[in-house]
There are 2 protein chains.
Amino acid sequence: MTGKPRVTSYQVAQRAGVSRTTVSLVLNEVPGVNIREETRRRVLRAAEELGYVPNAAARSLVSGQTRTLGLVISHAEHLQVDAFIPQLLYGFGLVSRQRGYRVLLETVEDVTKPDAYTELVRGNRIDGLAVLNFRCDDSQLPELIRRGFPVVLIGFHPWPGLEDKIFAVETDGVAAAIRATRHLIALGHRRIAHITFSPENYYATQDRLRGYRQALQAAGIEWDPAWVRYGNFSAASGYQAMRQLLRRKPYPTALFAGNDTIALGAMAAIHRKGLRIPEDIAVVGYDDIPTAPYMVPPLTTVRISPLEQGRIAAEMLSGLIEGNPPQHRRICLPAPLIVRESCGAKRQRAVSAGR
Amino acid sequence: MTGKPRVTSYQVAQRAGVSRTTVSLVLNEVPGVNIREETRRRVLRAAEELGYVPNAAARSLVSGQTRTLGLVISHAEHLQVDAFIPQLLYGFGLVSRQRGYRVLLETVEDVTKPDAYTELVRGNRIDGLAVLNFRCDDSQLPELIRRGFPVVLIGFHPWPGLEDKIFAVETDGVAAAIRATRHLIALGHRRIAHITFSPENYYATQDRLRGYRQALQAAGIEWDPAWVRYGNFSAASGYQAMRQLLRRKPYPTALFAGNDTIALGAMAAIHRKGLRIPEDIAVVGYDDIPTAPYMVPPLTTVRISPLEQGRIAAEMLSGLIEGNPPQHRRICLPAPLIVRESCGAKRQRAVSAGR
DNA sequence: ATGAAAGCGCTAACAC
DNA sequence: GTGTTAGCGCTTTCAT
């Protein structure tokens, strides 16, 4: 396919007038081996001139290492609408590259058929695995973890019997949801609706629902199932769900949306109905996507840090692979409530700072 | 690292009572080789029972193939704010998986140091390369293409002397920008502003600027450089740019935004100024991101098809690798103008259909 | 129809 | 210090 003849370590050795061993020793800077400075130079020069790049397959065949990290994204279809994943990807890629790893992206559609990433592991394509949005009923992952394969979860999910073997980055979704809901309660709201994701979806979104209910309960507000609606991650689903909520009176006076995209859709529905935000209905979102400050009105929301989560996941994983397990098995990032105007706590003024 | 002993083709052969050759023959379904049905069965069973997965490194070492596609994203920081890339990723991943390829994601920060993906190629980590957002001054890629390495560009960029060697998916940005601008002109606007990206950025955005200018010129409207502002891909930059535009009178009566995210930011600035959309200022975007129908008001915009572009890129690339070059070297996707309400052509009514 | 043997490009234990 | 040699696990002629 390529016109150029392949450059192997043999060619380099020839040109430098040494053996392939020496080439390997020099290029890999093997510690504890002293090579004459002049030889060293010659090898480096030869490699440079020939544009030598070691064959990854050969190297990994003998070393057992691939210098590649697997990143599994189940529910890949969310890539289309969710703003969390790309930012995570960015952070993950950043650190991976810094540490000399490639990223193999595995987008999984159907997680119930979980052979997808197992093949990566068994086929020795990757040195470690970061998993996003895994399903509760995924059976392959626990086995992998139990066997000691380096795995980092993004977003934690409790696994009976495996708690002390799991490495994870996460945010405390329950606490954040409580904070968001309590904020609305403190503003005087009692009819607070919630739009979340289909029940069988992420564990993370169940957290938000749980936090929402706990906050209501703590405030002595009775929980009305009719005020909880299910959508997916899209603005369209938020729009639909909000329309349903607005179909019967009394309206809720506040909404805690499962994410910012849903919030955007819901806000469109509210505007359409001729109601004002936050005067008629206050809105709080979740994610703090980059466009949140520019919504109408600017969205009050919970800030999670996808970029940071990506960075940390890559750091933990590379550490794990290289035998430096992170100090803490579970890193829980803060998820502060960013108060803008959609909740009614602030009056209209300059756009709040972005991120 | 893994507790389990590695399963090699040897183990399978042992268990099935055949040689490794036979195992390879059976598992790879090598054409032109007849193997007794019973032997075949035994091998398959043994492999199944042992959970055998061929070692990728070994296989690629001997075959020279990796079954891996490289996807290079330069300007990786755009992952954070741009909605185009994740959708593209989704489409690309979808088709890649279908065709039996893995995806190696290479996020490049600094494209002027373009060793990044060259290592992938020379190190034989990938069978082909898809490149998004490459820079005009990238010097490695032409060399790769010239050598016959399978490369597909996402978004075309003219390369003198290489036109007949390039494979690309693209949309006609100039035509789309003309359509968008002309639409505004037809609505009676003559003071039409444009917010685009920094000049040294993508070729694609230069297209939009060019189309904008051509449309103005064709309508006999003088081009005023003061009405063109530069931002990056973010809503924040759109907000800032619009504020600048609103700083001096007369205001533009219409805006053609370089992308939807910028449009969102600009719309926030317009609202903040107490002006109405579209009555005071009409807005047209570019991209048709999934949330466009839910903006306030719903955004008139140009629909490009990132998912489709991703699919096609993966199709072209796998075809190229397997010796089935696509019929057309350059596939140019339509980019229709989706008219919603922000341009003022439609009056307020139900939210337009999503995508 | 099946098996023996060579070799892909590299690293690392062992000689010299 | 540097070269020789033996694999890593697989595919693939070439014999049988």
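The structure presented is a predicted model; accordingly, all values stated were derived computationally and were not measured. Residue numbers start from 1 in every chain, and the chains themselves are labelled A, B, ... in the order their sequence lines are given, proteins ahead of strands.
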Self-check item: side-chain contact (heavy atoms from CB on, under 4.5 Å) against A:Leu44, all qualifying residues, sequence neighbours excluded
Solution: A:Val26, A:Leu27, A:Arg40

Quiz prompt | Qualifying salt bridge (charged side-chain N to carboxylate O under 4.0 Å, His left out) pairs with a residue from residues 149-159 of chain A, counting only residues at least two apart or across chains | solution = none

Quiz item: Whole Å only: how far is the CD1 atom of B:Ile35 from the C1' atom of D:dT12?
Solution: 13 Å

Quiz item: Roughly how many Å is it from CD in A:Gln65 to P in D:dG9, rounded to a whole number?
Solution: 14 Å

Quiz item: For the pair made of CG in A:Asn124 and C1' in D:dG9, what is the distance, rounded to whole Å?
Solution: 10 Å

Self-check item: Nearest-Å distance for atom pair CZ/C1', residues A:Arg36 and D:dT2
Solution: 9 Å

Exercise. Would you tell me whether B:Asn28 and B:Arg59 have side-chain atoms, one donor and one acceptor, within less than 3.5 Å of each other?
Key: yes

Quiz prompt | Partner residues of B:Arg36 under the side-chain contact (heavy atoms from CB on, under 4.5 Å) criterion, sequence neighbours left out | solution = B:Glu38, B:Thr39

Exercise. Measure the distance from CZ on A:Arg122 to C1' on D:dG9 and round it to the nearest whole Å.
Key: 15 Å

Self-check item: For atom CG of A:Leu27 and atom P of C:dG9, their distance in whole Å
Solution: 17 Å

Quiz item: Base, sugar-phosphate, or nothing for A:Ser60, non-hydrogen atoms under 4.0 angstrom?
Solution: nothing

Self-check item: Donor-acceptor side-chain pairing of B:Thr68 and B:Arg102 below 3.5 angstrom
Solution: no

Self-check item: salt bridge (charged side-chain N to carboxylate O under 4.0 Å, His left out) partners of A:Glu163, counting only residues at least two apart
Solution: none

Exercise. Report which part of the nucleic acid B:Leu61 touches: base, sugar-phosphate, or nothing (heavy-atom distance under 4.0 Å, all strands).
Key: base

Quiz item: For the side chain of B:Val18, counting heavy atoms from C-beta on, which of C:dG3, D:dG3, C:dT2 is nearest?
Solution: C:dG3

Quiz item: Which nucleotide sits closest to the side chain of B:Ser19: D:dT4, C:dG3, D:dG9?
Solution: C:dG3

Quiz item: Expressed in angstrom and rounded to an integer, what is the separation of B:Gln14 atom CD from C:dG3 atom P?
Solution: 12 Å

Self-check item: Sequence-distant partners of B:Leu307, side-chain contact (heavy atoms from CB on, under 4.5 Å), two or more places apart
Solution: A:Gln80, B:Tyr90, B:Arg311

Quiz item: Which letters describe nucleotides 11-16 of chain C, given B = protein heavy atom under 4.0 Å from base, S = only from sugar-phosphate, - = neither?
Solution: SBB---

Exercise. Let me know the distance between CZ of A:Arg42 and C1' of D:dG1, rounded to the nearest Å.
Key: 12 Å

